[in-house]
2 protein chains.
Amino acid sequence: MKILIVEDEPKTGDYLKQGLTEAGFVTDLARDGWDGLELAKAGHYDLMILDVMLPGLDGWQVLEGVRRAGVDMPVLFLTARDQVEDRVKGLELGADDYLVKPFAFAELLARVRSLVRRGHGSLESTVLKAADLELDLLRRRATRAGRKIELTAKEFALLELFLRRQGEVLPRSLIASQVWDMNFDSDTNVIDVAVRRLRVKIDEGFESRLIHTVRGMGYVLEAGPEGAAP
Amino acid sequence: MKILIVEDEPKTGDYLKQGLTEAGFVTDLARDGWDGLELAKAGHYDLMILDVMLPGLDGWQVLEGVRRAGVDMPVLFLTARDQVEDRVKGLELGADDYLVKPFAFAELLARVRSLVRRGHGSLESTVLKAADLELDLLRRRATRAGRKIELTAKEFALLELFLRRQGEVLPRSLIASQVWDMNFDSDTNVIDVAVRRLRVKIDEGFESRLIHTVRGMGYVLEAGPEGAAP
DNA sequence: CTTCGACGATCAGGATTTTCATATTCAGGA
DNA sequence: TCCTGAATATGAAAATCCTGATCGTCGAAG
């Protein structure tokens, strides 16, 4: 699996190259847009990781050039914070995924693997839904009944987990391992507190409640009441 | 590589078994001390993961039985928080490493791999030193000139990194990747702030300073002044 | 020797997350 | 039905961590 990295900042570039190499990928590193474009057209790669901010030719221009040359490969964009709307632009221009700097390497690796495996063009849905609740993974934004809801990092991760496994009862231990990467022996109640914070934000003040407690088991996110008895 | 897990709590047991299996190990799971002892004596394993709190036969008793039977294999203890001093006891009794619950799975995996690779009996030093500063990884405690120093999780991780690579100049990018698992594009100064907090705790009010700034490069922890010119 | 610019230090403010203490709810048995 | 213990909910304080602004300092160029 060959990956082309286009990144001008030496530190970031080396970091990526080293990390991906250790993970078993073959990597080439281009230090600017022009080199990146050349390499992309010459050797054929399974994936390109493309920084948006580049001297000379920026990320989008590189992408455009690559596509014009008829080269077909998945592209993962790296964007700086703030450039939120830019991300969307990147995706519209044919990128397959994006990542906001600073990012955890594990995160990058997960996305790289996913892209390499699936090939491009098949980006997973970036909006998760349940009833009138929506979670836009791309824009990192949540809304319920049209109202925007601000979420912190942990809240976001927790809600994402709930939405991905709608209807399933999630035991605390599972939540702990997914959201905290922790093995809990239940000597803390962080999870309960986190669930409560999330509930306040997405359930309080709305018609129906989405997060339900299953005593002795854990929590579920479910749209309709299961044992509906009027 | 075969691993025996002895853990009574179903959630934790399954969590371990699943995680380690996914990581490519073959695992057996014993739900109590007696079963654990039987299995340990019968099949020969490359590693045993042993919970201290077990119904019937506790972890130490299992370990003792195993050793009496002349079975030789590395043992990783799992202990609950509070039982800090117990850990030491476990190590003295012939355990090869320990882990405090709750723990991150990545942490466990790292230690498991290390033990399987090195075999037992060769536990790395658990106390790191520099001049009159000591960091006890076992007890998660730091002292300088005998005085105890309270450290937070991040501070601890940072100091551990500094001590493990004494004398080396650590660029911010390295620190970021090690302590934060983050790729930074230097649009934040978290590291500077963290270093400062650490400095206040371990350098302020003491004879010599240990953490030095190398302009344009990063930070070093060093006992003696390098260019000593009196 | 002085000035300028980049880099680092420091501080205060906030946001987030965790801990802790205390209520409340629920299921099952008396 | 009423109790009782365990599980969960809740509120608020405490700890930790991050952000952003400002100030100081070092080093090189003039």
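In what follows, every heavy atom counts, from backbone to side chain, and hydrogens, waters and symmetry copies are set aside. In the text below, chain A, chain B and the rest are named by the order of the sequence lines, each starting its count at 1.
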Determine: side-chain N/O of [X] to OP1/OP2 of [N], distance under 4.0 Å, yes or no.
X       : N       : result
T188(B) : dT19(D) : yes
Y219(B) : dA9(C)  : yes
T152(A) : dT17(C) : yes

[N] [atom2] sits how many Å from [X] [atom1], rounded?
X       : N       : atom1 : atom2 : answer
K201(A) : dA15(C) : NZ    : P     : 11 Å
F156(A) : dT16(C) : CZ    : C1'   : 17 Å
R197(A) : dA9(D)  : CZ    : P     : 14 Å
R196(B) : dC23(D) : CZ    : P     : 16 Å
D203(B) : dT10(C) : CG    : P     : 11 Å
D192(A) : dG11(D) : CG    : P     : 14 Å
L158(B) : dC17(D) : CG    : C1'   : 13 Å
E155(A) : dT18(C) : CD    : P     : 11 Å

Which residues, if any, of residues 172-182 of chain A bring a heavy atom under 4.0 Å of DNA chain C? W180(A)
Any chance you could list the contact pattern along nucleotides 20-30 of chain C? Use B for base contacts, S for sugar-phosphate-only contacts and - for none, protein heavy atoms under 4.0 Å, 5' to 3'. B----BB----
Can D136(B) and R141(B) be counted as an ion pair, charged N to O under 4.0 angstrom? no
Start with the C-alpha distance between L115(B) and L76(B), add both sets of side-chain angles, then the distance that settles side chain to side chain contact (heavy atoms under 4.5 Å, CB included), and finish with yes or no. CA-CA 8 Å; L115(B) 281 175; L76(B) 172 61; 3.9 Å; yes
Partner set under side-chain contact (heavy atoms from CB on, under 4.5 Å) for [X], not counting sequence neighbours:
X       : answer
S173(A) : P171(A), K11(B)
W180(A) : K154(A), I175(A), M182(A), F184(A), V190(A), I191(A), A194(A)
D181(B) : Y15(A), A104(A), F105(A), A106(A)
A145(A) : D132(A), F206(A)

Heavy atoms, side chains only, cut-off 4.5 Å: are L20(A) and I49(A) in contact? yes
Quick one, K201(B) with E155(B), criterion salt bridge (charged side-chain N to carboxylate O under 4.0 Å, His left out). Give me CA distance, side-chain angles, the key distance, then yes/no. CA-CA 9 Å; K201(B) 291 196 178 178; E155(B) 287 160 5; 2.9 Å; yes
Which nucleotide in dT8(D), dC18(D), dT10(C) has an atom nearest any side-chain atom of T213(A): dT8(D)
Qualifying residue for salt bridge (Lys or Arg N to Asp or Glu O under 4.0 Å) with D203(A), from R144(A), R196(A), R197(A): R144(A)
